[in-house]
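What follows is a single structure, written as structure tokens, with notes after it.
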Amino acid sequence: MSKIKEKGHNVNLTNIVIHKINKIAGDRKSTLKLANQEIKIGLPERRFIADIRESFSRRSIPSHGVFEDAVAYNGFQKALIDYKNDEIDFMKFSIDSMEYYKRTIETSAPATGGFLIFADYEITDNNERYLLVFSIDNKQGYNLSEIALVIQEIQNLELSKMDLAAIINISRWEQSKDPSNGIKTYLTFIRGKKQISDYFQNFIGCEDKTTATESSTRFLNAVNHYVAEKGVSEKEARDLKSKILDYCQDCNKSRKEILLSHISFLFDADNPYDFSEYATHENFGNSEIIKYDSKILRSLKFIDYQSNDLTLKFNKKLLGGSIKINKDRTTITISNLPEDLKSQFPT
């Protein structure tokens with residue numbers, strides 16, 4: 001019988017520190033309370049990181065992106081690059097980041113203060129290195145010491161209310177510098193209430209450069225893999241994809257955002273987070289908002305082909321009925337042609 005692995009077993013946490021910023025909503029002024037040293041790492045701290053990673057996909061829908069190009073103007077990115085290049089240590093990186101965070105948060109009157117947690121860790125399952133930045137108040141289940149700036153006792157944090165958090169996959173960030181690797185995103189972040197969380201996104205320097213074609217392709221890829229892994233029948237999958245396309249087209253026509261959370265509900269109303277959790281995994285990199293590319297998304301419902309000499313488009317539900325394709329996929333047979341189509345052929 002295999003031994004049950006404890007939470008955090010795959011987290012190789014090398015550095016973690018907690019700082020605090022004091023700010024009242026409506027007041028732009030803030031003050032910092034900086035830790036004197038990093039937190040000593042043990043099992044509770046590793047479990048803490050594991051909880052946050054789990055909640056990124058399970059209890060919220062993250063967005064994916066990259067750093068903005070203007071690195072010289074972003075104090076957080078500059079400090080992170082210096083730390084990554086071993087020019088400064090982890091404490092210096094976190095303190096420099098807090099000073100830049102202070103300047104950024106003071107641009108948002110509605111923003112409030114709280115604890116800011118920085119952590120550097122590796123996930124041993126994929127041997128990839130990550131940097132976590134996470135803002136939290138002291139009302140959410142984790143007992144954080146106001147004086148010592150340490151985690152005294154880790155309980156159940158209500159991460160579903162998490163508004164301000166980002167995880168940078170440092171390994172993918174490095175690999176993305178070589179275009180041949182095909183890596184489009186390496187930064188995952190939580191979007192909260194817009195007027196409150198914009199300043200945090202500015203602090204990190206998040207930018208979504210995903211094109212509509214890339215976004216729709218990632219989404220379609222996730223849908224196809226999901227129905228295959230779940231063993232969804234061909235007819236059920238076809239009906240489901242048709243509903244998804246109808247929803248996407250309706251959103252596009254009415255100029256509304258296509259939301260992954262709504263699509264996840266179409267998959268399974270009794271388990272409405274299952275598909276969104278699957279689709280936002282790093283393997284697929286989908287965000288809460290799906291950008292619309294009609295040509296890509298039409299393939300959810302239609303077979304669509306066009307060349308100089310041939311245009312062919314039909315609903316997939318006709319396959320096996322009035323439209324058949326042989327086993328070698330070299331011949332298509334169409335039966336029961338409508339009268340207006342037959343009239344176009346020469347006699």
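All values below were derived from every heavy atom in this structure, side-chain atoms included, with hydrogens, water molecules and symmetry-related copies excluded.
With sequence neighbours excluded, no residue satisfies salt bridge (Lys or Arg N to Asp or Glu O under 4.0 Å) with Asp293. Judged as a salt bridge (Lys or Arg N to Asp or Glu O under 4.0 Å), and not counting sequence neighbours, the contacts of Glu339 are Lys342. Listed by chain and residue number, Asn326, Thr330 satisfy the side chain to side chain contact (heavy atoms under 4.5 Å, CB included) test with Asp328 (two or more places apart in sequence, or in another chain). Listed by chain and number, the residues in a ring pair (Phe, Tyr, Trp, His ring centres under 6.0 Å) with Tyr121 are Tyr130 (sequence neighbours excluded). With sequence neighbours left out, Phe219 forms a ring pair (Phe, Tyr, Trp, His ring centres under 6.0 Å) with no residue at all. Residues meeting the side chain to side chain contact (heavy atoms under 4.5 Å, CB included) test with Asp250, sequence neighbours left out: none. Remark: His9 pairs with no residue by the ring pair (Phe, Tyr, Trp, His ring centres under 6.0 Å) rule, at least two apart or across chains. Applying the side chain to side chain contact (heavy atoms under 4.5 Å, CB included) test to Asn127 and every residue at least two apart in sequence or in another chain returns Glu122. Annotation: ring pair (Phe, Tyr, Trp, His ring centres under 6.0 Å) contacts of Tyr278 (sequence neighbours excluded): Tyr226, Phe284. Evaluation of the side chain to side chain contact (heavy atoms under 4.5 Å, CB included) rule for Asp340 yields Pro338 as partners, not counting sequence neighbours.
When each of Asn15, Val11, Leu13, Ile49 is paired with Ile41, the side-chain contact (heavy atoms from CB on, under 4.5 Å) condition holds for Leu13 and for no other. Residue Arg129 forms a side chain to side chain donor-acceptor pair (under 3.5 Å) with just one option from Asp120, Asn12, Thr14, and that option is Asp120.
Within the structure, salt bridge (Lys or Arg N to Asp or Glu O under 4.0 Å) contacts touching residues 99-112 (residues at least two apart or in different chains) are Lys102-Glu106. Judged as a salt bridge (Lys or Arg N to Asp or Glu O under 4.0 Å), the pairs with a partner in residues 257-276 (not counting sequence neighbours) are, in order, Lys230-Asp274.
Aromatic ring centroids of Tyr101 and Phe203 lie under 6.0 Å apart. Between Phe90 and Phe118, the distance separating the two ring centers is not shorter than 6.0 angstrom.
The backbone N or O of Glu128 lies less than 3.5 Å from no partner atom in the side chain of Ser171, so there is not a single donor-acceptor pair. For the pair Thr107 (side chain) and Thr104 (backbone), a donor-acceptor distance under 3.5 Å is present. At least one donor-acceptor pair under 3.5 Å links the side chain of Glu45 to the backbone N or O of Gly42. Using a distance-only test at 3.5 Å, with no hydrogens or angles considered, no donor-acceptor pair links the side chain of Asn252 to the main chain of Cys248. Ser97 places a side-chain N or O within 3.5 Å of a backbone atom of Phe93 that can act as its donor or acceptor partner. A donor-acceptor pair under 3.5 Å links the side-chain atoms of His19 to the main chain of Ala35, judged by distance alone. Ser176 contributes a side-chain N or O that, together with a main-chain N or O of Trp173, makes up a donor-acceptor pair within less than 3.5 Å. Side chain of Tyr292 to backbone of Leu297: no donor-acceptor contact under 3.5 angstrom is found. Between the side chain of Ser216 and the main chain of Lys291, a donor-acceptor pair closer than 3.5 Å is present. Without hydrogens or angle criteria, Tyr186 side chain to Gln175 main chain gives no donor-acceptor distance under 3.5 Å.
Salt bridge annotation for Asp27-Lys23: absent, with no cationic side-chain nitrogen under 4.0 angstrom from a carboxylate oxygen. We find that Asp239 and Lys243 are not joined by a salt bridge, their nearest charged nitrogen and carboxylate oxygen being 4.0 Å or further apart. Residues Lys84 and Glu174 are paired through a salt bridge, judged by an N-O separation under 4.0 Å between the basic side chain and the carboxylate. Ion pairing of Arg47 with Asp51 is absent here, as no side-chain N (NZ or NE/NH1/NH2) approaches a carboxylate O to less than 4.0 Å.
You'll find the side chain of Leu220 reaches within 4.5 Å of the side chain of Asn224, heavy atoms only. Two residues are said to be in side-chain contact when any heavy atoms from C-beta on lie closer than 4.5 Å; Ile21 and Lys33 fail this criterion.
Cluster annotation: Phe265 is not connected to Leu300 through the hydrophobic network of ILVMFWY side chains, with a link wherever side-chain heavy atoms come within less than 4.5 Å. Under a hydrophobic clustering in which Ile, Leu, Val, Met, Phe, Trp and Tyr are joined whenever their side-chain heavy atoms come within less than 4.5 Å, directly or via other members, Leu164 and Ile24 fall into different clusters.
Distance CD1/Ile105 to OG/Ser135: 7.0 Å, rounded to 0.5 Å.
The local environment of NZ in Lys235 is sparse, with at most 12 non-hydrogen atoms from other residues, nucleotides or ligands closer than 6.0 Å. No more than 12 heavy atoms of other residues, nucleotides or ligands lie within 6.0 Å of NZ in Lys78, so this atom counts as exposed by the packing criterion.
Taking the six-membered ring for Trp and thresholds of 30 and 60 degrees, Phe134 and Phe48 have ring planes inclined between 30 and 60 degrees apart.
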